[in-house]
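See below for the structure under consideration.
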Amino acid sequence: MTDSEEELYSIMFSSLKHPVRRKILRMLSAETKSFSKMLEELGISSSHLTYHLENLGELVSKADNGSYQLSKFGEASVDTMHLVEEAPVVRSRQGFSLRWKSVLAVVLIVTVVLAGFSVLQYNFLNQLSSEYESLKDENDSLSSRYQQLLALSADTDKAIEFIRDVIQIDLSEYQVALVSNDVEFRSDLGGVVEEILRYSLVNSEDRIDVVLRFRDQQLSRYQTYVFEGSTSYSEPQPIDLVDSATNLLSRYMSYSNASYLEQMGELLSMVDEVKNIEITEGNMKLKISASDDDTEFFWLYTESDVDFSPKSLSFIFENRAFKQLTDGWFLFETGSTEVNISSEEAITIAREAAGNFTWDFEGEAIANFTILEVPVDVDFHPHPRDDFLNLIPYWYVTLYLDMVYPGEVSRLAVGLWGDTGEIADIRTVTL
């Protein structure tokens, strides 16, 4: 299957799962319509309509008079909707479950899409049939993931809302394009659905990328990359960084309605100026780290004198401009708060374990290396163990080698549990 075909499939599935785009496809299946006519019937803003039309891609085209019409693949998309929506309920002798119906719906949609690619149709359907049979024993997992994917349809709208209303970037000043939309089931996080969207914002002077990461449909990270020019905002941004962080937190609270943000606002209200400071109230700690170039506002969960840094919210400003937001508070829970291993003990345990470590390079086991006494880095960073989202005390020790060894290995990183001292992981670190 070619890259262009893969892209077309992606556009089609994205369009079919979005209610506004489905409505546009239905409208154009009846007759061609002008931009203003669609605005009137849809009742949305012109910027939103432009955004949705751009994301429909090759499913729509413009007629000579400027009106919009369906392409052949747009017609196939409408046929797909009709096929799924009008399919009669069939009772089999064994009684298909809702999960099986979801699997069959996927097969029907793929079948209609492949009608536009007659050369590939026969081989692909045979392959699909074979894969479908092999997935029978795993239908529960497949159906569950399919339903989760369908639920992601709102994330593009949530992303635009965040960029516009929370970060306050003036989108009317830019040509906005969705560059990529990647979805992954994070097995290391217990099957959390992670979606990463990358947008390009371009005008005659500025070239900016913004990246948003959603986990289980909740925003967990936002990053801005300014390649040229500077960011245009819809509202004047405060010069004082405490004011900037306060206003940003307030807008984020309105966006997410997360209860923990209110307590974070109370802690921030105790800060008068940007300086290195640490404030703790109950199970929440606010740490501000300030330098000439970067300033970070870092709220984290703390319990029994143990800081659970992954369960946190972070604002990072670079040269006084907002750069990054990371939110893991909603995702993680705390497990054990028992810390029986000190940092000095963690270093000793790490050295002993690393002494017996080997790694492969081009088929050769590298075992003869020397670990330096200094420097050594040790960080306390709680980490999931048995339950993917429950945080357990964890030491992360970085040991430096006396030279660069095969594979450009200059350090060894050793992870061990803070409650038991058991080694969790050893790996090489390259230059």
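Note that the CZ atom of Phe308 and the CZ atom of Phe380 stand 6.5 Å from one another [nearest 0.5 Å]. Separating the OG atom in Ser312 from the NZ atom in Lys285 is a distance of 12.5 Å, to the nearest 0.5 Å. Atoms CE and CD, on Met284 and Glu266 in that order, are 9.0 Å from each other to the nearest 0.5 Å. Here the CG-CG distance, from Leu325 to Leu219, works out to 6.0 Å after rounding to the nearest 0.5 Å.
The closest donor-acceptor contact from the side chain of Ser336 to the backbone of Glu338 lies under 3.5 Å. Side chain of Trp359 to main chain of Pro406: a donor-acceptor pair is present (N/O by atom type, distance under 3.5 Å, no hydrogens or angles). Checked by atom type and distance alone, the side chain of Gln263 never pairs as donor or acceptor with a backbone atom of Asn283 at under 3.5 Å. Checked by atom type and distance alone, the side chain of Trp395 never pairs as donor or acceptor with a backbone atom of Ala346 at under 3.5 Å. For the pair Asn319 (side chain) and Ala321 (backbone), a donor-acceptor distance under 3.5 Å is absent. With hydrogens and angles ignored, the 3.5 Å screen pairs a side-chain donor or acceptor of Tyr174 with a backbone N or O of Ser232.
A donor-acceptor contact closer than 3.5 angstrom is absent between the side chains of Ser180 and Arg198. For the residue pair Tyr222/Thr224, the side-chain donor-acceptor check at 3.5 Å is satisfied. In this structure, a donor-acceptor pair under 3.5 Å is present between the side chains of Thr326 and Gln324.
Here Glu40 pairs with nothing under the salt bridge (Lys or Arg N to Asp or Glu O under 4.0 Å) rule; sequence neighbours left out. Residues forming a salt bridge (Lys or Arg N to Asp or Glu O under 4.0 Å) with Asp425 (at least two apart in sequence, or on another chain): Arg427. Residues that satisfy the ring pair (Phe, Tyr, Trp, His ring centres under 6.0 Å) test with Phe361, not counting sequence neighbours, are absent from this structure. Applying the side chain to side chain donor-acceptor pair (under 3.5 Å) rule to Ser36 yields the partners Ser34; only residues at least two apart in sequence or on another chain are considered. For Glu31, the salt bridge (Lys or Arg N to Asp or Glu O under 4.0 Å) partners at least two apart in sequence or on another chain are Lys33.
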For this session: Could you walk me through whether Tyr400 and Asp377 pass side chain to side chain donor-acceptor pair (under 3.5 Å), step by step?
Result: CA-CA 9 Å; Tyr400 290 75; Asp377 299 329; 2.7 Å; yes
For this session: For Leu416 and Val397, run side chain to side chain contact (heavy atoms under 4.5 Å, CB included): C-alpha distance rounded to whole Å, both residues' side-chain angles, the deciding distance at 0.1 Å, then the answer.
Result: CA-CA 8 Å; Leu416 60 139; Val397 182; 4.1 Å; yes
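Looking at every heavy atom in both residues, Gly191 comes nearest to Phe185 through O-CD2, 4.2 Å.
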Contacts table for residues 286-296: side-chain donor-acceptor under 3.5 angstrom, sequence neighbours left out:
from   : atom 1 : to     : atom 2 : distance (Å)
Ser291 : OG     : Asp294 : N      : 3.1
Ser291 : OG     : Asp294 : O      : 3.0
Glu296 : OE2    : Ser314 : OG     : 2.7

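Pairs passing the ring-ring contact (aromatic ring centres under 6.0 Å, His included) check and including a residue from residues 249-280, sequence neighbours excluded, read Phe162-Tyr255, Tyr260-Trp329. Listed by first then second residue, pairs satisfying ring-ring contact (aromatic ring centres under 6.0 Å, His included) with a partner in residues 224-249 number zero, not counting sequence neighbours. Applying the side-chain hydrogen bond (donor to acceptor under 3.5 Å, both in side chains) definition to pairs two or more places apart or across chains, those involving residues 235-249 are Gln168-Gln237. Counting only residues at least two apart or on different chains, no side-chain hydrogen bond (donor to acceptor under 3.5 Å, both in side chains) pair has a member in residues 408-418. Legend: salt bridge (Lys or Arg N to Asp or Glu O under 4.0 Å) pairs involving residues 181-191, not counting sequence neighbours, sorted by first then second residue: Arg186-Asp188, Arg186-Glu194. Listed by first and then second residue, the salt bridge (Lys or Arg N to Asp or Glu O under 4.0 Å) pairs that reach into residues 310-329 come to none, sequence neighbours excluded.
The 12-atom threshold is not exceeded at CD of Glu262, counting heavy atoms of other residues, nucleotides or ligands nearer than 6.0 Å. Residue Glu41 places its CD atom among more than 12 non-hydrogen atoms of other residues, nucleotides or ligands, all under 6.0 Å distant.
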